[in-house]
Peer 1: 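Once you've had a glance at the structure underneath, I'll fire off some questions.
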Amino acid sequence: MSEVDIALARAPLFRQIESQTVEIEPLGSLTNISYKLTTSVGTYVLRLPGEDTFDYIDRRAEDHNGRIAASVGVNAEVLYFDAEDGTMLSRFIEGVPMDGESFERDPMAPARAALVLRRVHHLGPVFKSRFDVFSMIRGYLDILYKLQVPPPEDYYEVRREAEAVRRVLQASPVGLVPCHNDPWPSNFVVASGGSLHLIDWEFSGMNDPIWDLGDLSVEAGFGAEQDRTMVEAYCGGCAPPVLYARLELYKAMSDLLWSLWGLIQYANGNPSEDFFPYAQGRLERCKVRIGSEDFGRHLAVVATR
(Lines give C-alpha, C1' and ligand atoms only; values in the text may rest on other atoms or scores of the structure.)
Protein backbone atom coordinates (compact mmCIF):
# COMPACT_ATOMS: atom_id res chain seq x y z
CA MET A 1 0.00 0.00 0.00
CA SER A 2 1.13 3.58 -0.66
CA GLU A 3 1.43 6.02 2.22
CA VAL A 4 -1.77 7.64 0.94
CA ASP A 5 -3.64 4.32 1.13
CA ILE A 6 -2.27 3.68 4.62
CA ALA A 7 -3.34 7.12 5.82
CA LEU A 8 -6.82 6.84 4.30
CA ALA A 9 -7.34 3.40 5.83
CA ARG A 10 -7.21 5.09 9.25
CA ALA A 11 -9.76 7.79 8.34
CA PRO A 12 -13.34 6.64 9.11
CA LEU A 13 -14.76 8.53 6.12
CA PHE A 14 -12.68 6.52 3.63
CA ARG A 15 -13.21 3.05 5.07
CA GLN A 16 -16.21 2.50 2.81
CA ILE A 17 -14.58 4.01 -0.30
CA GLU A 18 -12.53 1.81 -2.59
CA SER A 19 -9.06 3.26 -3.17
CA GLN A 20 -9.44 2.62 -6.90
CA THR A 21 -12.27 5.18 -7.02
CA VAL A 22 -10.16 7.97 -5.49
CA GLU A 23 -8.47 10.40 -7.88
CA ILE A 24 -5.24 11.64 -6.28
CA GLU A 25 -3.58 14.92 -7.26
CA PRO A 26 -0.46 16.28 -5.52
CA LEU A 27 -0.73 19.79 -4.10
CA GLY A 28 2.11 22.22 -3.53
CA SER A 29 3.48 22.51 0.01
CA LEU A 30 6.70 23.88 1.48
CA THR A 31 7.10 21.50 4.41
CA ASN A 32 4.38 18.84 4.22
CA ILE A 33 3.05 16.48 1.54
CA SER A 34 -0.52 17.21 0.51
CA TYR A 35 -2.93 15.64 -1.95
CA LYS A 36 -6.30 16.59 -3.40
CA LEU A 37 -8.58 13.56 -3.26
CA THR A 38 -11.59 13.49 -5.59
CA THR A 39 -14.25 10.86 -4.92
CA SER A 40 -17.86 10.24 -5.89
CA VAL A 41 -19.00 11.66 -2.53
CA GLY A 42 -16.79 14.73 -2.23
CA THR A 43 -13.38 16.34 -2.58
CA TYR A 44 -10.84 16.37 0.23
CA VAL A 45 -7.28 17.27 1.14
CA LEU A 46 -4.96 14.75 2.75
CA ARG A 47 -2.01 16.33 4.54
CA LEU A 48 0.95 14.13 5.49
CA PRO A 49 3.37 16.00 7.79
CA GLY A 50 6.98 16.65 6.89
CA GLU A 51 9.23 14.33 8.85
CA ASP A 52 11.11 17.12 10.65
CA THR A 53 8.14 19.35 11.43
CA PHE A 54 7.60 17.96 14.93
CA ASP A 55 10.71 19.88 15.99
CA TYR A 56 8.77 23.13 15.79
CA ILE A 57 5.03 22.42 15.36
CA ASP A 58 2.59 21.42 18.11
CA ARG A 59 0.23 19.09 16.23
CA ARG A 60 -2.24 18.75 19.11
CA ALA A 61 -2.62 22.52 19.24
CA GLU A 62 -2.99 22.65 15.46
CA ASP A 63 -5.82 20.10 15.62
CA HIS A 64 -7.62 21.97 18.41
CA ASN A 65 -7.19 25.43 16.90
CA GLY A 66 -7.94 24.38 13.33
CA ARG A 67 -11.23 22.80 14.35
CA ILE A 68 -12.29 25.97 16.17
CA ALA A 69 -11.45 28.07 13.10
CA ALA A 70 -13.43 25.63 10.95
CA SER A 71 -16.43 25.82 13.30
CA VAL A 72 -16.85 29.53 12.47
CA GLY A 73 -16.37 29.00 8.74
CA VAL A 74 -12.86 30.40 8.43
CA ASN A 75 -10.86 27.19 8.03
CA ALA A 76 -11.74 24.14 5.93
CA GLU A 77 -13.70 21.52 7.85
CA VAL A 78 -11.37 19.05 9.59
CA LEU A 79 -12.63 15.49 9.19
CA TYR A 80 -9.78 13.49 10.67
CA PHE A 81 -6.62 14.40 12.54
CA ASP A 82 -4.00 12.09 14.03
CA ALA A 83 -2.26 14.25 16.62
CA GLU A 84 0.42 11.59 17.10
CA ASP A 85 1.82 11.91 13.58
CA GLY A 86 0.06 14.99 12.17
CA THR A 87 -1.91 13.29 9.39
CA MET A 88 -4.97 15.40 8.58
CA LEU A 89 -7.97 14.97 6.29
CA SER A 90 -10.08 18.04 5.55
CA ARG A 91 -12.65 19.15 3.03
CA PHE A 92 -11.28 20.77 -0.10
CA ILE A 93 -12.31 24.39 -0.59
CA GLU A 94 -13.26 24.88 -4.22
CA GLY A 95 -11.62 28.16 -5.09
CA VAL A 96 -8.38 29.96 -5.85
CA PRO A 97 -5.49 30.55 -3.43
CA MET A 98 -4.33 34.14 -3.25
CA ASP A 99 -0.82 35.37 -3.96
CA GLY A 100 1.04 38.67 -3.94
CA GLU A 101 -0.42 39.60 -7.32
CA SER A 102 -3.94 39.00 -5.99
CA PHE A 103 -3.39 41.73 -3.43
CA GLU A 104 -1.96 44.00 -6.11
CA ARG A 105 -4.89 43.51 -8.49
CA ASP A 106 -7.61 44.04 -5.89
CA PRO A 107 -7.22 47.26 -3.86
CA MET A 108 -9.63 45.93 -1.24
CA ALA A 109 -7.93 42.54 -0.81
CA PRO A 110 -5.85 43.75 2.19
CA ALA A 111 -9.08 44.86 3.87
CA ARG A 112 -10.81 41.53 3.19
CA ALA A 113 -7.88 39.59 4.63
CA ALA A 114 -7.78 41.89 7.67
CA LEU A 115 -11.45 41.22 8.37
CA VAL A 116 -10.85 37.46 8.30
CA LEU A 117 -8.02 37.89 10.80
CA ARG A 118 -10.17 40.14 13.00
CA ARG A 119 -12.87 37.46 13.03
CA VAL A 120 -10.32 34.96 14.36
CA HIS A 121 -8.95 37.46 16.88
CA HIS A 122 -12.44 38.00 18.32
CA LEU A 123 -13.02 34.32 19.13
CA GLY A 124 -11.90 34.74 22.73
CA PRO A 125 -9.17 32.86 24.65
CA VAL A 126 -9.92 29.51 23.01
CA PHE A 127 -6.69 28.48 21.29
CA LYS A 128 -4.19 26.08 22.74
CA SER A 129 -0.50 27.01 22.72
CA ARG A 130 1.24 30.37 22.75
CA PHE A 131 3.01 31.87 19.76
CA ASP A 132 5.81 34.11 21.04
CA VAL A 133 8.18 35.23 18.32
CA PHE A 134 11.14 35.63 20.67
CA SER A 135 10.71 32.20 22.24
CA MET A 136 10.43 30.76 18.75
CA ILE A 137 13.61 32.52 17.64
CA ARG A 138 15.44 30.92 20.58
CA GLY A 139 13.92 27.56 19.74
CA TYR A 140 14.91 27.82 16.08
CA LEU A 141 18.45 28.72 17.09
CA ASP A 142 18.58 25.62 19.31
CA ILE A 143 17.44 23.47 16.37
CA LEU A 144 20.09 24.99 14.08
CA TYR A 145 22.86 24.33 16.58
CA LYS A 146 21.59 20.77 17.02
CA LEU A 147 21.75 20.38 13.23
CA GLN A 148 25.28 21.85 13.31
CA VAL A 149 24.21 24.74 11.08
CA PRO A 150 24.81 27.90 13.13
CA PRO A 151 23.14 31.11 11.94
CA PRO A 152 25.12 33.36 9.58
CA GLU A 153 27.07 36.35 10.85
CA ASP A 154 24.26 38.64 9.70
CA TYR A 155 22.11 37.23 12.50
CA TYR A 156 24.49 38.55 15.13
CA GLU A 157 24.29 41.98 13.51
CA VAL A 158 20.57 42.21 14.24
CA ARG A 159 20.49 40.32 17.55
CA ARG A 160 20.98 43.44 19.69
CA GLU A 161 18.20 45.33 17.92
CA ALA A 162 15.89 42.31 18.17
CA GLU A 163 16.52 42.24 21.91
CA ALA A 164 15.57 45.93 22.09
CA VAL A 165 12.32 45.14 20.28
CA ARG A 166 11.61 42.32 22.73
CA ARG A 167 12.11 44.59 25.74
CA VAL A 168 9.90 47.34 24.34
CA LEU A 169 7.07 44.99 23.39
CA GLN A 170 7.18 43.17 26.72
CA ALA A 171 7.05 46.50 28.54
CA SER A 172 3.98 47.47 26.49
CA PRO A 173 1.88 44.30 26.49
CA VAL A 174 -1.51 43.86 24.86
CA GLY A 175 -4.14 41.21 25.45
CA LEU A 176 -3.39 37.92 23.72
CA VAL A 177 -5.96 36.62 21.22
CA PRO A 178 -6.27 33.60 18.90
CA CYS A 179 -3.97 34.18 15.94
CA HIS A 180 -3.11 32.32 12.75
CA ASN A 181 0.52 33.53 12.89
CA ASP A 182 1.43 32.48 9.34
CA PRO A 183 -0.96 34.44 7.07
CA TRP A 184 1.06 34.32 3.89
CA PRO A 185 -1.04 34.94 0.77
CA SER A 186 -1.50 31.33 -0.39
CA ASN A 187 -3.08 30.44 2.95
CA PHE A 188 -6.02 32.66 1.94
CA VAL A 189 -8.41 30.91 -0.44
CA VAL A 190 -11.16 32.70 -2.34
CA ALA A 191 -13.98 30.15 -2.55
CA SER A 192 -16.03 29.78 -5.71
CA GLY A 193 -18.88 31.63 -3.99
CA GLY A 194 -16.63 34.59 -3.22
CA SER A 195 -16.04 34.03 0.52
CA LEU A 196 -12.48 34.23 1.84
CA HIS A 197 -11.05 31.37 3.91
CA LEU A 198 -7.80 30.92 5.82
CA ILE A 199 -6.13 27.50 5.92
CA ASP A 200 -2.98 25.91 7.42
CA TRP A 201 -3.13 26.41 11.19
CA GLU A 202 0.21 24.80 12.05
CA PHE A 203 1.58 27.87 13.80
CA SER A 204 -1.70 29.05 15.36
CA GLY A 205 -1.81 30.08 19.00
CA MET A 206 -2.50 32.94 21.37
CA ASN A 207 -0.55 36.04 20.39
CA ASP A 208 -0.52 39.81 19.97
CA PRO A 209 -3.01 40.38 17.09
CA ILE A 210 -0.73 42.92 15.42
CA TRP A 211 1.69 40.09 14.65
CA ASP A 212 -0.84 38.69 12.17
CA LEU A 213 -1.19 42.07 10.46
CA GLY A 214 2.56 42.64 10.33
CA ASP A 215 3.26 39.17 9.01
CA LEU A 216 0.56 39.49 6.34
CA SER A 217 2.04 42.83 5.27
CA VAL A 218 5.50 41.32 4.89
CA GLU A 219 4.41 38.12 3.16
CA ALA A 220 2.14 39.92 0.68
CA GLY A 221 4.67 42.71 0.04
CA PHE A 222 2.36 45.53 1.10
CA GLY A 223 3.32 49.16 0.65
CA ALA A 224 2.24 52.00 2.92
CA GLU A 225 -1.15 52.45 1.24
CA GLN A 226 -1.98 48.75 1.47
CA ASP A 227 -0.95 48.78 5.14
CA ARG A 228 -3.31 51.69 5.73
CA THR A 229 -6.17 49.88 3.95
CA MET A 230 -5.51 46.74 6.01
CA VAL A 231 -5.24 48.52 9.35
CA GLU A 232 -8.25 50.79 8.85
CA ALA A 233 -10.43 47.85 7.83
CA TYR A 234 -9.23 45.95 10.90
CA CYS A 235 -9.86 48.88 13.26
CA GLY A 236 -13.03 50.09 11.57
CA GLY A 237 -11.48 53.50 10.96
CA CYS A 238 -8.33 55.45 11.66
CA ALA A 239 -5.75 53.73 13.85
CA PRO A 240 -3.44 55.38 16.40
CA PRO A 241 0.25 55.88 15.55
CA VAL A 242 1.28 53.29 18.15
CA LEU A 243 -0.48 50.55 16.17
CA TYR A 244 1.48 51.41 13.03
CA ALA A 245 4.69 51.52 15.07
CA ARG A 246 3.97 48.11 16.56
CA LEU A 247 3.23 46.86 13.04
CA GLU A 248 6.70 47.96 11.87
CA LEU A 249 8.43 46.22 14.78
CA TYR A 250 6.67 42.97 13.99
CA LYS A 251 7.54 43.26 10.30
CA ALA A 252 11.23 43.18 11.20
CA MET A 253 10.72 40.27 13.60
CA SER A 254 8.74 38.39 10.94
CA ASP A 255 11.70 38.54 8.57
CA LEU A 256 14.06 37.45 11.34
CA LEU A 257 11.94 34.51 12.47
CA TRP A 258 11.22 33.12 9.02
CA SER A 259 14.83 33.52 7.94
CA LEU A 260 15.79 31.12 10.73
CA TRP A 261 12.92 28.83 9.75
CA GLY A 262 14.29 28.85 6.19
CA LEU A 263 17.72 27.84 7.47
CA ILE A 264 16.14 24.88 9.27
CA GLN A 265 14.52 23.79 6.00
CA TYR A 266 17.88 24.13 4.28
CA ALA A 267 19.67 22.15 7.00
CA ASN A 268 17.04 19.39 6.81
CA GLY A 269 17.44 19.13 3.04
CA ASN A 270 13.86 20.17 2.27
CA PRO A 271 13.63 19.66 -1.52
CA SER A 272 10.58 21.85 -2.20
CA GLU A 273 12.76 24.89 -2.99
CA ASP A 274 16.20 26.39 -2.38
CA PHE A 275 15.79 27.69 1.14
CA PHE A 276 19.27 29.13 1.61
CA PRO A 277 18.76 32.22 -0.58
CA TYR A 278 15.26 32.54 0.90
CA ALA A 279 16.74 32.68 4.40
CA GLN A 280 19.49 35.06 3.35
CA GLY A 281 17.02 37.38 1.64
CA ARG A 282 14.75 37.62 4.65
CA LEU A 283 17.65 38.21 7.01
CA GLU A 284 18.96 40.98 4.76
CA ARG A 285 15.53 42.58 4.68
CA CYS A 286 15.40 42.42 8.48
CA LYS A 287 18.72 44.29 8.58
CA VAL A 288 17.35 46.96 6.26
CA ARG A 289 14.22 47.43 8.36
CA ILE A 290 16.12 47.63 11.63
CA GLY A 291 18.73 49.93 10.12
CA SER A 292 16.21 52.41 8.73
CA GLU A 293 16.00 55.95 10.10
CA ASP A 294 12.43 55.38 11.25
CA PHE A 295 13.01 52.21 13.26
CA GLY A 296 14.21 53.99 16.40
CA ARG A 297 11.14 56.23 16.23
CA HIS A 298 8.88 53.18 16.04
CA LEU A 299 10.57 51.77 19.14
CA ALA A 300 10.12 55.06 20.99
CA VAL A 301 6.44 55.36 20.04
CA VAL A 302 5.67 51.87 21.38
CA ALA A 303 7.79 52.43 24.49
CA THR A 304 6.00 55.66 25.42
CA ARG A 305 2.43 54.76 24.51
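Computed from a predicted structure; not experimentally measured. Excluded from the calculations below are hydrogen atoms, water molecules and symmetry mates; all remaining heavy atoms, backbone and side chain alike, are included. Position 1 is the first residue of the sequence; numbering continues from there.
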Peer 1: side-chain hydrogen bond (donor to acceptor under 3.5 Å, both in side chains) between Asp82 and Thr87: does it pass, once the steps are laid out?
Peer 2: CA-CA 5 Å; Asp82 186 332; Thr87 298; 5.6 Å; no

Peer 1: Is the closest side-chain heavy-atom distance between Leu283 and Pro152 below 4.5 Å?
Peer 2: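 Result yes, sub-4.5 Å side-chain heavy-atom pair found.
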
Peer 1: Output, in order, the C-alpha distance, side-chain angles, deciding distance and verdict of side chain to side chain contact (heavy atoms under 4.5 Å, CB included) for Cys179 and Val177.
Peer 2: CA-CA 6 Å; Cys179 288; Val177 301; 3.8 Å; yes

Peer 1: Has the side chain of His64 got a donor or acceptor atom that lies under 3.5 Å from a matching backbone atom of Val126?
Peer 2: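 Confirmed, His64 side chain pairs with Val126 backbone.
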
Peer 1: Which heavy atom of Ala252 sits nearest to which heavy atom of Ile290, and what is that distance?
Peer 2: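 Shortest heavy-atom separation between Ala252 and Ile290 comes out as CB-CG1, 4.0 Å.
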
Peer 1: Checking salt bridge (charged side-chain N to carboxylate O under 4.0 Å, His left out) for the pair Glu248/Arg297: CA distance, chi angles, key distance, verdict?
Peer 2: CA-CA 10 Å; Glu248 294 299 326; Arg297 179 175 59 82; over 6 Å; no

Peer 1: Taking all non-hydrogen atoms of both residues, which atom of Gly95 and which atom of Pro97 are closest, and how far apart?
Peer 2: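 Heavy atoms only, the tightest pair is O-CD, 4.1 Å.
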
Peer 1: Report the C-alpha distance between Asp132 and Arg166 in whole Å, list the side-chain angles of each, state the deciding distance to 0.1 Å, and finish with yes or no for salt bridge (charged side-chain N to carboxylate O under 4.0 Å, His left out).
Peer 2: CA-CA 10 Å; Asp132 176 79; Arg166 184 192 67 80; over 6 Å; no

Peer 1: Under the side-chain hydrogen bond (donor to acceptor under 3.5 Å, both in side chains) criterion, do Tyr250 and Asp208 qualify, and how do the steps go?
Peer 2: CA-CA 10 Å; Tyr250 278 132; Asp208 180 341; 2.9 Å; yes

Peer 1: Do the non-hydrogen side-chain atoms of Thr38 and Val22 ever get within less than 4.5 Å of each other?
Peer 2: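 Not in contact.
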
Peer 1: Salt bridge or not for Arg60 and Asp63, using N-O below 4.0 Å?
Peer 2: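 Answer for the salt bridge query: no.
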
Peer 1: How far apart are the C-alpha atoms of Asn181 and Glu202, what are their side-chain angles, what is the distance that settles it, and do they pass the side-chain hydrogen bond (donor to acceptor under 3.5 Å, both in side chains) test?
Peer 2: CA-CA 9 Å; Asn181 297 315; Glu202 288 184 317; over 6 Å; no

Peer 1: Has the side chain of Gln170 got a donor or acceptor atom that lies under 3.5 Å from a matching backbone atom of Arg167?
Peer 2: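 Looks like no, no N/O pair under 3.5 Å.
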
Peer 1: Taking Glu219 first and then Arg282, would you say they form a salt bridge - that is, a charged N and a carboxylate O separated by under 4.0 Å?
Peer 2: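 A salt bridge is present here (some side-chain N lies under 4.0 Å from a carboxylate O).
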
Peer 1: What's the spacing between Asp255 CG and Glu284 CD if we round to 0.5 Å?
Peer 2: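 Atom-to-atom, Asp255:CG and Glu284:CD are 10.5 Å apart.
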
Peer 1: For a quick test of reading the model, state the closest non-hydrogen atom pair linking Met206 to Leu176 and the distance between them.
Peer 2: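 Minimum heavy-atom contact is CE-O, 3.5 Å.
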
Peer 1: Is the shortest side-chain heavy-atom distance between Leu213 and Met230 below 4.5 Å?
Peer 2: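 Yes - at least one pair of side-chain heavy atoms lies under 4.5 Å apart.
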
Peer 1: Any donor-acceptor pair under 3.5 Å linking the side-chain atoms of Ser292 with those of Arg289?
Peer 2: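 Checked: Arg289/Ser292 side chains show no N/O donor-acceptor pair below 3.5 Å.
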
Peer 1: I need the single residue from Arg91, Lys36, Glu23 that forms a side-chain contact (heavy atoms from CB on, under 4.5 Å) with Thr43. Which is it?
Peer 2: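 Only one option passes, and that is Lys36.
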
Peer 1: Just how far is it from atom CG of Leu37 to atom CG of Leu89, taken to the nearest 0.5 Å?
Peer 2: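 Between atom CG of Leu37 and atom CG of Leu89 there are 6.5 Å.
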
Peer 1: Might you point out which heavy atoms bring Phe103 and Ala220 nearest each other, and give the distance in Å?
Peer 2: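 Looks like CD1-CB, 3.9 Å.
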
Peer 1: Is a side-chain N or O of Thr304 found less than 3.5 angstrom from the main chain of Ala300, in a donor-acceptor match?
Peer 2: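 The answer is yes, because a donor-acceptor pair under 3.5 Å joins these two groups.
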
Peer 1: How about Arg160: does its CZ atom have over 12 heavy atoms from other parts shown lying under 6.0 Å from it?
Peer 2: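 It does not: Arg160 CZ has 12 such atoms or fewer within range.
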
Peer 1: Surrounding CD of Glu101 (heavy atoms of other residues, nucleotides or ligands, distance under 6.0 Å), is the total greater than 12?
Peer 2: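 It does not: Glu101 CD has 12 such atoms or fewer within range.
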
Peer 1: For Glu94, does the CD atom sit with more than 12 other heavy atoms under 6.0 Å from it, leaving out its own atoms?
Peer 2: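 Counting neighbours around CD of Glu94, more than 12 heavy atoms of other residues, nucleotides or ligands fall under 6.0 Å, so yes.
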
Peer 1: Got a donor-acceptor contact below 3.5 angstrom from the Arg47 side chain to the Gly86 backbone?
Peer 2: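 The answer is yes, because a donor-acceptor pair under 3.5 Å joins these two groups.
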
Peer 1: One pair to check against side chain to side chain contact (heavy atoms under 4.5 Å, CB included): Val72 and Arg119. What are the steps and the verdict?
Peer 2: CA-CA 9 Å; Val72 297; Arg119 188 176 178 189; 4.2 Å; yes

Peer 1: About how many Å separate CZ of Arg159 and CD of Glu163, when rounded to the nearest 0.5 Å?
Peer 2: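 If we round to the nearest 0.5 Å, Glu163:CD and Arg159:CZ are 9.5 Å apart.
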
Peer 1: For the ring pair Phe203 and Trp258, is the centre-to-centre distance below 6.0 Å?
Peer 2: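 Yes - the distance between ring centres of Phe203 and Trp258 falls below the 6.0 Å cut-off.
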
Peer 1: To the closest 0.5 Å, what do you measure between NZ (Lys287) and OH (Tyr155)?
Peer 2: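 Separation between the atoms: 14.0 Å.
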
Peer 1: Using a strict 4.0 Å threshold on nitrogen-to-oxygen distance, state whether Asp212 and Arg118 make a salt bridge.
Peer 2: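 The answer is no: the pair does not qualify as a salt bridge.
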
Peer 1: Show, in sequence, the C-alpha distance, side-chain angles and deciding distance for Tyr35 and Val45, and conclude whether the side chain to side chain contact (heavy atoms under 4.5 Å, CB included) test is met.
Peer 2: CA-CA 6 Å; Tyr35 301 93; Val45 174; over 6 Å; no

Peer 1: Please check this pair: side chain of Thr229 against backbone of Glu225, looking for a donor-acceptor N/O pair closer than 3.5 Å.
Peer 2: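 At least one qualifying donor-acceptor pair exists.
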
Peer 1: Establish, from distance only, whether the side-chain atoms of Asn270 and Ser272 form a donor-acceptor pair under 3.5 Å.
Peer 2: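 A donor-acceptor contact under 3.5 Å links the two side chains.
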
Peer 1: Looking at side-chain heavy atoms only, is the closest gap between Tyr56 and Asp142 below 4.5 Å?
Peer 2: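 No, their side chains stay 4.5 Å or more apart.
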
Peer 1: Provide the closest heavy-atom pair for Phe14 versus Leu8 in the form atom of the first, atom of the second, distance.
Peer 2: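 That would be CB-O, 3.6 Å.
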
Peer 1: With distance as the sole test, does His180 use its side chain to make a donor-acceptor pair with the main-chain N or O of Leu198 at under 3.5 Å?
Peer 2: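 No: the side chain of His180 does not pair with the backbone of Leu198.
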
Peer 1: Judged by modelled atom types alone, do Asp58 and Ser129 share a side-chain donor-acceptor pair under 3.5 Å?
Peer 2: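 No.
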
Peer 1: Under a 3.5 Å distance rule, please check whether Ser172 uses its side chain to pair with a backbone N or O of Leu169 as donor and acceptor.
Peer 2: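 No, the answer is negative, given that no donor and acceptor are paired below the 3.5 Å cut-off.
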
Peer 1: Could you check whether any side-chain heavy atom of Asp215 comes within less than 4.5 Å of a side-chain heavy atom of Asp182, counting everything from C-beta outward?
Peer 2: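 Yes, their side chains come closer than 4.5 Å.
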
Peer 1: Measure the CZ-OG distance between Arg285 and Ser254 for me, rounded to the nearest 0.5 Å.
Peer 2: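 Between atom CZ of Arg285 and atom OG of Ser254 there are 7.5 Å.
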
Peer 1: How are the rings of Tyr266 and Phe276 set relative to one another: parallel (under 30°), tilted (30 to 60°) or perpendicular (over 60°)?
Peer 2: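 Taking Phe276 first and then Tyr266, their aromatic rings sit tilted (interplane angle of 30° to 60°).
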
Peer 1: Kindly indicate whether the side chain of Leu117, heavy atoms from C-beta on, has any atom under 4.5 Å from the side chain of Leu216.
Peer 2: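 Heavy-atom side-chain distance check passes, below 4.5 Å.
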
Peer 1: Would you confirm whether the ring centroid of His298 sits within less than 6.0 angstrom of the ring centroid of Tyr244?
Peer 2: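 Ring centroids of Tyr244 and His298 are no less than 6.0 Å from each other.
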
Peer 1: Between Phe81 and Arg59, is there a cation-pi geometry (under 6.0 Å to ring centre, at most 45° from the normal)?
Peer 2: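 No, a cation-pi geometry is absent between Arg59 and Phe81.
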
Peer 1: Name the residue from Phe127, Trp211, Tyr234 that meets the ring pair (Phe, Tyr, Trp, His ring centres under 6.0 Å) definition with His121.
Peer 2: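 Of all the options given, the one that passes is Tyr234.
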
Peer 1: To check you understand the geometry: which heavy-atom pair defines the closest contact between Gly50 and Thr53, and what is its length?
Peer 2: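 Shortest heavy-atom separation between Gly50 and Thr53 comes out as O-OG1, 2.6 Å.
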
Peer 1: Once rounded to the nearest 0.5 Å, what's the spacing between atom CD of Gln280 and atom CG of Asp274?
Peer 2: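 One finds 9.0 Å between CD of Gln280 and CG of Asp274.
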
Peer 1: With ring centroids as reference points, do Tyr140 and Trp261 lie under 6.0 angstrom apart?
Peer 2: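 No: the rings miss the under 6.0 Å criterion.
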
Peer 1: ring-ring contact (aromatic ring centres under 6.0 Å, His included), that's the test. Do Phe92 and Tyr44 meet it? Break it down for me.
Peer 2: CA-CA 4 Å; Phe92 180 78; Tyr44 311 92; 9.6 Å; no

Peer 1: Hey, is the main chain of Lys128 close enough, under 3.5 Å, to the side chain of Asn65 for a donor-acceptor pair?
Peer 2: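 Yes.
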
Peer 1: Might you work through the side chain to side chain contact (heavy atoms under 4.5 Å, CB included) test for Leu196 and Met98, ending with a clear yes or no?
Peer 2: CA-CA 10 Å; Leu196 187 61; Met98 297 187 73; 3.7 Å; yes

